[in-house]
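The analysis underlying the following values was restricted to heavy atoms, covering all of them including side chains, and did not include hydrogens, waters or symmetry mates. In what follows, chains are A, B, ... by sequence order, proteins preceding strands, each numbered from 1.
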Number of protein chains: 2
Amino acid sequence: MAKVTEFPHPYVTVDVLIFSIIEDELNILLIKRSNEPFKGKFALPGGFVAVEENLDAAVIRVIKTKAGMAGIYVEQLYSFGEIKRDPRGRVISIAYLALVPEERTKIVNDEVHTIEWFKVNKLPPLGFDHKRIIEAGFNRLKSKLDYSNIAVGLMSQRFGLGGLQRVYETILGRPLDKRNFRKKMLSLDLLKEVGESKGGRHRPSKLYSFESSKPVFFK
Amino acid sequence: MAKVTEFPHPYVTVDVLIFSIIEDELNILLIKRSNEPFKGKFALPGGFVAVEENLDAAVIRVIKTKAGMAGIYVEQLYSFGEIKRDPRGRVISIAYLALVPEERTKIVNDEVHTIEWFKVNKLPPLGFDHKRIIEAGFNRLKSKLDYSNIAVGLMSQRFGLGGLQRVYETILGRPLDKRNFRKKMLSLDLLKEVGESKGGRHRPSKLYSFESSKPVFFK
DNA sequence: ACAAAAGTGTTTCCTTTACACCCATGT
DNA sequence: ACATGGGTGTAAAGGAAACACTTTTGT
């Protein structure tokens, strides 16, 4: 098969928005840039896509090598391709949205990379067009809460309805009615009971897990 | 600013799904490939993204040069990046969904390009992974009908409610109740009256146009 | 006993659905 | 006159929203 005749063409990166709820606030994982451009500023973890690497594989690699995480929820967000979005040259970024439960948010920094969680409402100065990309991801997350079980990705394997409601309230930025929330969640038949919490400060709660860890669309 | 040190990297194309309703059927515009790979098969109109070309500009260029159209509704669909999706080498495709009103679906074929409308339910053999991409676009179109005014892109500037309902029914593949459809549409305050149809075979209908030609999300 | 989160039902409202007949026009 | 699509209202059902008190536990 005839190969493409070589000609100059854009580079492609994947950039990953890793969100988590930490202490009842929505956070995103950013990495401090140790090189120009935007040296010293924070940016999304990302990497160039290699010729022999699937997009999905590139995302998994970035999440592993830059954030030290694996096995988390990932979906494609959008592709950004303005000519001048990267001062180094023409770089098209395919952005992905990823979610990690709070219990897996510990980060280990070495001397090379500095990664840090930031509250989405208090972002530091960001390189590239990453502020805009984060806004797009935040909007996607908010709207998918309404019609899907995307929150799966933010919950540990067993959780109580109170904790699930706090996740919803944190992302949506408004309080929800407890009885209606429970009624809705239980009526969807997505949760199964898996025991009781122990050793909390208060009345123990029933614990649930999602029937399917894959995304489900409702209504 | 330091440029990217050159290294082999994927090519990027934009591929465009141009949909229209023609004679009460949903159609998509395909182009017969005159070169290998997949010579003689049909495929989506597409083109490589140049280094000095915004993604949006590339899409507009493809729609203009391959389909002879301009000024139509376009939105980004999804990016496809399997290693082996293009036999010529590593090519990442950023797919776009475009809509054109029936009145602007006339195509002019020259000797170089053969383009043709196909009913979405009767597609010819397709090259690449374009069958899968078309399915993704069709699903996007169906679901956006429910919660947005994406149908704007398929209507001429002035249209009757009957015609609008036929567009909805064609895409959704099921009949809708006339009274409920009208009630819903008019209650959204997206339409403004712009006169009456003349010279039809039957009772003249009120004509409407969309208040905003930009997409609106409802609910 | 009290502080804190868990748990539980009913009513109201609004949106969605189902459904049938007359009207205006061209032939 | 008839065939064809345009145009209209109301009732029933279902889902969403509002709302307050009791229970269980640890301290």
### Summary
salt bridge (Lys or Arg N to Asp or Glu O under 4.0 Å) pairs touching residues 174-191 of chain A, sequence neighbours excluded, are none

### Which residues share a side chain to side chain contact (heavy atoms under 4.5 Å, CB included) with A:S209, sequence neighbours left out
A:K192, A:V194

### Under the salt bridge (charged side-chain N to carboxylate O under 4.0 Å, His left out) test, residues paired with B:E25 that sit two or more places apart
B:K119

### Task
Could you pull out all residues at least two apart from A:S205 that satisfy side chain to side chain contact (heavy atoms under 4.5 Å, CB included)?
A:S197, A:L207

What protein N or O atoms touch nucleotides 25-27 of chain D N or O atoms at under 3.5 angstrom, if any, and at what distances?
| residue | atom | partner | partner atom | Å |
| --- | --- | --- | --- | --- |
| D:dG26 | O4' | A:R201 | O | 2.8 |

### Message
If the condition is salt bridge (charged side-chain N to carboxylate O under 4.0 Å, His left out), which residues does B:E53 pass it with, not counting sequence neighbours?
### Response
B:R61

### Query
Whole-Å distance between C:dG7 C1' and A:E193 CD?
12 Å

### Rounded distance in Å - CG (B:L188) to P (C:dT15)
11 Å

### Task
In whole angstrom, give the distance that lies between atom CG of B:L207 and atom P of D:dG6.
11 Å

### Query
Who are the side chain to side chain contact (heavy atoms under 4.5 Å, CB included) partners of B:N121, not counting sequence neighbours?
none

### Task
Please state how far atom CE in B:M185 lies from atom P in C:dT15, giving the value in whole angstrom units.
16 Å

#### Entry: For DNA chain D, the residues among residues 156-175 of chain B that have a non-hydrogen atom under 4.0 Å from it
B:G162

### Message
List the residues meeting salt bridge (charged side-chain N to carboxylate O under 4.0 Å, His left out) with B:K41, not counting sequence neighbours, and say none if there are none.
### Response
none

### Query
Which letter, B, S or -, goes with each nucleotide of nucleotides 8-19 of chain D from 5' to 3', with contact meaning a protein heavy atom under 4.0 Å?
BBB------BBB

### Reported OG-to-CG distance for the pair A:S79 and B:L55, which is rounded to 0.5 angstrom
7.5 Å

### Task
Among residues two or more places apart or on two chains, list those pairs meeting salt bridge (Lys or Arg N to Asp or Glu O under 4.0 Å) that have a residue in residues 128-150 of chain B.
B:E75-B:R140, B:E75-B:K144, B:R85-B:D129, B:K131-B:E135

### Task
Apply salt bridge (charged side-chain N to carboxylate O under 4.0 Å, His left out) to B:E169 and list each qualifying residue two or more places apart in sequence or on a separate chain.
none

